[in-house]
Amino acid sequence: MVRQKGPSSIGPVYKRITLPLKTPFSRLNFKLQAVLLATERSRRLDLFKKQKVSADKFYFNPEARYKRVYDYINLHLMNEAWFQRNQMSGLRSSGSGFLEFIDGFDFKTSKDLEQQIDQEWPTCLLPNKVTQEKLDDILLYRKERDLWASQVRTVRLQRKLGHSDPAYAFHDYAAMRASVIEEGRAIIGLAMQIALRQSLHHDAIPLSWERLAHVFGYAAGEISRGRDPADYLMDGSAPLLWKGGFTDTLSEKRVAYSTGRTQFMALKEYFLPVAHILGAMSVISSHPYISKNLLDSRWPSYQSGPKDLLRGYRAGFSFMDDPDDELLTKATIIYALRFQLDLTRKSAHVRSRALLPPQQIVRLESDFYPAEIEKTHRIIGRSKRHLFLQEPLLGKDYKAQGLYAREIPDQDESETPDSEPRKESSEEPIQTSHPAMILPPLPSAIVDALGSYKDVNQKPL
């Protein structure tokens with residue numbers, strides 16, 4: 001990561017970040033998260049100054065925000081802490097002493113023990129080759145070794161950070177992540193999705209931030225009786241975003257934006273440098289997904305409502321929910337590269353402007369290729385009551401829900417009976433190594449909102 005010089009409160013926190021293909025995906029995930037968190041911390045500090053609230057009363061160190069790897073190291077520290085917490089819960093049974101189980105092994109040095117365990121491990125995978133007691137001892141040793149390695153990594157990270165404690169606690173991270181998702185992704189990210197789909201399918205309409213701001217203000221009044229633009233662009237299986245802003249707990253002074261266009265343009269000023277990443281998050285969250293990892297097993301996911309809404313195959317996921325999910329991280333990178341490539345260029349309309357000036361965004365440099373674009377939904381079947389689609393990441397078929405399903409225009413596809421979708425293959429869905437980004441034409445309500453904008457300063461062509 002390369003840090004931009006100068007403590008500007010509005011502007012890219014980093015000039016660019018590199019995302020090499022061969023880097024472990026957890027590190028790539030934390031690199032992306034670090035940029036978003038640094039942007040959010042900069043936003044909060046600026047808002048605190050406007051509210052005349054001292055930043056030193058809050059969870060972050062205002063001087064540390066200028067360290068290049070501050071958030072990145074802290075994410076790794078929190079990840080190690082969660083891993084150690086889970087490991088410890090399974091290692092310390094009642095009445096057992098530390099490393100008591102190694103009495104069953106014959107060794108002289110720790111290196112001898114490690115070699116003995118590694119040699120015996122393949123045998124443990126075969127049935128009836130070792131006693132259950134010996135197998136338990138070997139499993140415990142491997143867990144203790146993983147715990148020790150994590151503790152060593154923690155010490156090294158603390159040295160890099162300059163102190164022994166994380167720079168901020170997980171609940172503070174969770175609050176910042178919620179702001180990124182509920183305001184950054186839900187508003188600016190969704191606007192980027194609208195913009196890219198507009199440039200692909202509705203290029204007769206000029207592209208500008210002012211027009212996008214109008215769509216979000218228009219939504220409060222005329223767009224289908226007050227429905228949010230997300231209702232048209234996000235599957236109805238997504239849980240609601242509970243937007244509450246954040247609070248100075250000392251003075252109980254709400255730090256919040258006004259509504260409509262003012263809110264949108266204020267968010268745009270802060271989140272412009274990472275708008276391409278937020279756009280990628282918006283597209284991914286529009287489709288149902290389910291992580292292969294158990295949610296909250298190591299890294300508590302974003303909580304946006306009742307717990308029963310958070311489990312299972314649903315829309316609304318992001319790479320910030322699970323640092324170990326390689327597919328979500330990869331999709332975010334290649335989608336963001338596509339947004340960066342397409343929205344830093346001027347669109348076809350003579351009155352359009354490049355939405356993302358290259359010098360004002362955090363440039364992503366990677367040997368990943370930008371995502372390919374599919375310009376239509378993957379419609380599996382349609383009936384009078386149901387619409388069945390295929391999502392791009394896992395290749396799973398699903399029944400579309402909500403206004404999102406009703407607003408998808410007719411395409412050429414085979415009709416299916418009312419009661420049953422297409423029968424799926426008995427084999428697992430084919431997951432492509434580089435998932436495409438599905439960007440069909442916008443629903444008519446969004447197109448009407450875009451077209452209704454009138455620029456009072458516009459001169460006739």
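Keep in mind the model is a prediction, meaning the values are calculated, not measured.
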Check: [X] side chain, [Y] main-chain N or O, donor-acceptor pair, under 3.5 Å:
{"X": "H377", "Y": "Q390", "answer": "no"}
{"X": "R177", "Y": "S301", "answer": "yes"}
{"X": "T344", "Y": "P357", "answer": "no"}
{"X": "W209", "Y": "L355", "answer": "yes"}
{"X": "R338", "Y": "I334", "answer": "no"}
{"X": "H287", "Y": "A315", "answer": "no"}
{"X": "E183", "Y": "L267", "answer": "no"}

Hey, are [Y] and [X] close enough side-chain-wise for a donor-acceptor pair under 3.5 Å?
{"X": "D322", "Y": "Y302", "value": "no"}
{"X": "D71", "Y": "Y168", "value": "yes"}
{"X": "R44", "Y": "S179", "value": "yes"}
{"X": "Q84", "Y": "T154", "value": "yes"}

Taking the side chain as C-beta and beyond, is there a heavy-atom pair between [X] and [Y] under 4.5 Å?
{"X": "I194", "Y": "Y232", "result": "no"}
{"X": "L328", "Y": "N29", "result": "no"}
{"X": "R43", "Y": "F271", "result": "yes"}
{"X": "R261", "Y": "E210", "result": "yes"}
{"X": "M192", "Y": "L356", "result": "yes"}
{"X": "L21", "Y": "S366", "result": "no"}
{"X": "T18", "Y": "T23", "result": "no"}
{"X": "K330", "Y": "Y335", "result": "no"}

Criterion ring pair (Phe, Tyr, Trp, His ring centres under 6.0 Å) on H214 and Y453, from CA distance to verdict: CA-CA 6 Å; H214 172 73; Y453 173 71; 5.6 Å; yes
Tell me the closest heavy-atom pair linking [X] and [Y], and the distance in Å.
{"X": "A405", "Y": "L387", "value": "O-CD2, 3.7 Å"}
{"X": "S285", "Y": "M234", "value": "O-CE, 3.3 Å"}
{"X": "A436", "Y": "R378", "value": "CB-NH2, 4.1 Å"}
{"X": "P435", "Y": "L327", "value": "CG-CD1, 4.2 Å"}
{"X": "Q33", "Y": "P323", "value": "NE2-CG, 4.3 Å"}
{"X": "D367", "Y": "L19", "value": "OD1-O, 3.8 Å"}

Derivation and outcome, side chain to side chain contact (heavy atoms under 4.5 Å, CB included), residues M320 and V180: CA-CA 10 Å; M320 299 182 84; V180 169; 4.1 Å; yes
Contacts of F170 that satisfy ring-ring contact (aromatic ring centres under 6.0 Å, His included) - sequence neighbours left out: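 In terms of ring-ring contact (aromatic ring centres under 6.0 Å, His included), with neighbours along the sequence ignored, F170 is linked to W82, Y173, W299.
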K399 atom NZ, over 12 foreign heavy atoms within 6.0 Å: no
Heavy atoms from other residues, nucleotides or ligands near CD of E372 exceed 12 (cutoff 6.0 Å): no
Any residue meeting side chain to side chain contact (heavy atoms under 4.5 Å, CB included) with Q401, in chain and number order, not counting sequence neighbours: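 Per chain and number, Q401 pairs via side chain to side chain contact (heavy atoms under 4.5 Å, CB included) with D235, S237.
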Test of ring centre spacing under 6.0 Å for F264 and F216: yes
How far does [atom1] of [X] sit from [atom2] of [Y], to the nearest 0.5 angstrom?
{"X": "S291", "Y": "L393", "atom1": "OG", "atom2": "CG", "value": "11.0 Å"}
{"X": "H276", "Y": "L343", "atom1": "NE2", "atom2": "CG", "value": "10.0 Å"}
{"X": "I188", "Y": "M265", "atom1": "CD1", "atom2": "CE", "value": "8.5 Å"}
{"X": "M437", "Y": "R197", "atom1": "CE", "atom2": "CZ", "value": "10.5 Å"}
{"X": "L364", "Y": "L32", "atom1": "CG", "atom2": "CG", "value": "6.5 Å"}
{"X": "L278", "Y": "I181", "atom1": "CG", "atom2": "CD1", "value": "10.0 Å"}

Full working for side chain to side chain contact (heavy atoms under 4.5 Å, CB included) between I277 and L36: CA-CA 9 Å; I277 303 174; L36 295 176; 4.3 Å; yes
Candidate pair Q198 and L442, rule side chain to side chain contact (heavy atoms under 4.5 Å, CB included), full reasoning: CA-CA 7 Å; Q198 178 187 337; L442 290 165; 4.1 Å; yes
Working for ring pair (Phe, Tyr, Trp, His ring centres under 6.0 Å), residues Y369 and H434: CA-CA 9 Å; Y369 288 104; H434 299 287; 7.4 Å; no
Mutual orientation of the aromatic rings belonging to F368 and F25 [parallel < 30°, tilted 30-60°, perpendicular > 60°]: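 Plane angle between 30° and 60°, so tilted.
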F388 and H386 aromatic ring geometry - parallel, tilted or perpendicular at 30°/60° bounds: tilted
CA sep, side-chain torsions, deciding dist, call: I408, R382, side chain to side chain contact (heavy atoms under 4.5 Å, CB included): CA-CA 11 Å; I408 292 177; R382 186 196 297 268; 4.2 Å; yes
Where at least one partner belongs to residues 72-81, residue pairs that pass salt bridge (charged side-chain N to carboxylate O under 4.0 Å, His left out), sequence neighbours excluded: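 Found E80-R153.
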Criterion salt bridge (charged side-chain N to carboxylate O under 4.0 Å, His left out) on K396 and E391, from CA distance to verdict: CA-CA 6 Å; K396 291 175 67 70; E391 48 85 8; over 6 Å; no
